[in-house]
Amino acid sequence: MIDLRLLREDPDRVRASQRARGEDVALVDSLLAADERRRSSGTRFDQLRAEQKQLGKLIPKAQGEEKAELLKRTKELAEAVKAADGEQQAASDEAQRLLLQIGNLVHPEAPVGGEEDFVVLEQHGAPRDFAAEGFTPRDHLELGELLGAIDTERGAKVSGSRFYYLTGVGALLEFALVQAAISQAVAAGFTPMLTPNLVKPAAMAGTGYLGQVEDDVYRLEKDDLYLVGTSEVPLAAYHMDEILEANRLPLRYAGFSSCYRREAGSYGKDTRGIFRVHQFDKVEMFVFTTPEEAEAEHQRLLAWEKQWLSSLELPFQVVELASGDLGSSASRKFDCEAWIPTQGKYRELTSTSNTDSFQARRLNIRVRDTEGTRPLATLNGTLCAVTRTIVAVLENHQQADGSVRVPEILRPYLGGREVLEPLTPASAK
RNA sequence: GGAGGCGUCGCCUAGUCCGGUCUAUGGCGCCGCACUGCUAAUGCGGUUUGGGCUUUACCGUCCAUCGAGGGUUCAAAUCCCUCCGCCUCCGCCA
């Protein structure tokens, strides 16, 4: 959530941010009104309650008629206090409800616009010229099947569309990617974390995933738990309701978890292969730091993502997303998009967001330093989303005979193997 | 899943049976000041968190906060109910 104090002092800034996001600007005025009601009813409650407490203290000492009179008065006060409390509660709930609907303040540098208005910041490497090499590239599913690495047919049989099995070298490739990614993160000072895949509503709401994207989240109604769409959720909520000493910051965590996404509203999009699936594994970076350090940390997260994709020898570009495509929590977001040869496009492989103190406010996470106790900043960034990375690696490193060259960074985790070879027809099923 | 115990302002802890004197005790830690060649020791003061009012700082003041939420009462850490978490035992189990 945004800072209520800032909203009172500079409502125009919040209005402008809402407008840039393409979200409801009128929320701002409804919230200002509710906040005003909350404060005035709160003041009344405080006064009545103070009077009630004072009189209440006299009762044990009073006698006879004086006591009867006091009891009568305090009984009336008790009623009034209860009523005022109700009003305050209602106004406060209303203000909170509205506050939670307002998106994070858009960063001044973020381009204004919708999904199409992203800005390409950098390009790394160059797409291969398969025509010049004399063959037509196979897509990742075809390659995956040749290698005995990906089985989507049986995934669909067992679990439905957008499910898959990683088999043989496919499974080994995932473990190699995860180990390489975790190694990079640990070398950079991150604490590796294995996190719960099921979380309570407070964790989900606190990270901002129960707003516009709620339909994309799996919910287990019987237990009132959610399947996480990213380990960002359990990592952010790890310090929920805590006050962290400034000298412990930054706290950098590298989480590994499965990620579950309903992909509601993406019917017909990316239906082939494992580019867009309901379940995949991911190594995610998550940082708790001070608001002053947030921007610099965001650049560091982006740098670690670039390092990772470069080490996989993938051609990619860095884009900055426009204001309308930030999601409710991010003030600024960069994606790294890898070249997918058979699509002839760059596609998102990683994404890093600066959520500033937006999630920390919702999750009640603060830092204590000389400035006092105040919300801290949280940031997140993908290190390796396994399935999409497999897509990119297979397609970009394929060879004419259907084999795939293993990037050097992964070789130690694949028993030194330099090439993944297609299964012989005899051993294929 | 069954039975029992526990949850107090950083940590430990008193208070809960029997409601008001709780403005929540004491110790440890921490912060400030004093004293002292330095350190240590000692003394004094401070030390939950949130909200309101005071100009949004300082100072001051009021309210809420004893795991969470309800209830009873003039009055709840204390009595009642529901929920959450932890511990012990039993059962089941990767």
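Letters A, B, ... mirror the listed sequences (proteins, then strands); counts begin at 1.
- Annotation: B/C44 and B/U36 have their C1' atoms spaced 16 Å apart (nearest Å).
- Of the P atoms belonging to B/G69 and B/G15, the separation is 25 Å, rounded to the nearest Å.
- Salt bridge status for A/E337 with A/R347: absent, with no side-chain N to carboxylate O gap under 4.0 Å.
- On the P atoms, B/U25 is 28 Å away from B/A34, given to the nearest whole Å.
- Distance, A/D241 CG to B/G10 C1': 16 Å, rounded to whole Å.
- Between the CD atom of A/E242 and the C1' atom of B/U49 there is a distance of 14 Å, rounded to whole Å.
- Here B/G19 sits opposite no nucleotide as a Watson-Crick or G-U wobble pair (both hydrogen-bonding atom distances under 3.5 Å).
- Contact check of residues 356-368 of chain A against RNA chain B (heavy atom, cut-off under 4.0 Å) returns A/R366, A/R368.
- Ion pair A/R73/A/E76 flagged as a salt bridge, since at least one NZ, NE, NH1 or NH2 atom sits closer than 4.0 Å to an Asp/Glu carboxylate oxygen.
- Using a 4.0 Å cutoff on non-hydrogen atoms, the parts of residues 4-16 of chain A near RNA chain B are A/R5, A/R8, A/E9, ordered by number.
- To the nearest whole angstrom, the two C1' atoms, one in B/C74 and one in B/G19, are 12 Å apart.
- Of the inter-residue distances, the one linking A/K53 atom NZ with A/L55 atom CG reads 12.5 Å to the nearest 0.5 angstrom.
- In this structure, A/I243 reaches the sugar-phosphate backbone alone: every heavy-atom distance under 4.0 Å involves primed, P, OP1 or OP2 atoms, never a base.
- Remark: B/U25 base-pairs with no nucleotide; criterion is Watson-Crick or G-U wobble with both hydrogen-bond distances under 3.5 Å.
- When Watson-Crick and G-U wobble pairs are counted only if both distances are under 3.5 Å, B/A77 pairs with no nucleotide at all.
- The pair A/D356-A/R332 fails the salt-bridge criterion, with no side-chain N (NZ, NE, NH1 or NH2) lying under 4.0 Å from an Asp/Glu carboxylate O.
- Toward the 5' end of RNA chain B, the nearer of the two residues A/K67 and A/Q54, judged by each one's closest nucleotide, is A/K67.
- Pairing each heavy atom of A/P375 with each of A/S357, the nearest pair is CB-CB, 3.9 Å.
- The interatomic distance linking A/N247 (CG) with B/C30 (P) rounds to 14 Å, in whole Å.
- Considering only side-chain N and O atoms, A/R44 lies nowhere under 4.0 angstrom from the phosphate OP1 or OP2 of B/C63.
- We find the OG-CG distance between A/S353 and A/L379 to be 8.5 Å, quoted to the nearest 0.5 Å.
- Expressed to the nearest 0.5 Å, how far OG1 of A/T352 lies from CZ of A/F334 amounts to 8.0 Å.
- Across all strands shown, B/C33 is found opposite B/G43 as a Watson-Crick or G-U wobble partner, with both distances under 3.5 Å.
- To the nearest 0.5 Å, atoms OG1 (A/T230) and CZ (A/F280) are separated by 7.5 Å.
- Looking only at atom types and distance, the side chain of A/D335 has a donor-acceptor partner in the side chain of A/S351 under 3.5 Å away.
- Nucleotides B/U78 and B/U21, compared at atom P, are 13 Å apart to the nearest Å.
- Using atom P as the reference point in both B/C28 and B/C18, the two lie 35 Å apart (nearest Å).
- Ion pair A/E263/A/R261 not flagged as a salt bridge, since none of the NZ, NE, NH1 or NH2 atoms sits closer than 4.0 Å to an Asp/Glu carboxylate oxygen.
- B/C92 is unpaired under the criterion used here, namely a Watson-Crick or G-U wobble arrangement in which both key atom distances are under 3.5 Å.
- The aromatic rings of A/F288 and A/H239 sit perpendicular, their planes meeting at an angle over 60°, well past the 30° parallel limit.
- Across every strand in view, B/C53 sits in a pair with B/G60 that passes the Watson-Crick or G-U test at under 3.5 angstrom.
- Set against B/C53, B/G51, B/C62, the side chain of A/A50 has B/C62 as its closest nucleotide.
- Taking atom P in both B/G32 and B/U72, the straight-line distance is 49 Å, to the nearest Å.
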Given protein heavy atoms under 4.0 Å, the one-letter contact record of nucleotides 64-84 of chain B, with B base, S sugar-phosphate only and - none, is simply S-------S-BSS--------
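- Here the CG atom belonging to A/L349 is positioned 7.5 Å from the CZ atom belonging to A/R388, to the nearest 0.5 angstrom.
- Of the P atoms belonging to B/G43 and B/G26, the separation is 15 Å, rounded to the nearest Å.
- Ionic pairing of A/D151 and A/R154 is present here: one or more N-O contacts between side-chain nitrogen and carboxylate oxygen are shorter than 4.0 angstrom.
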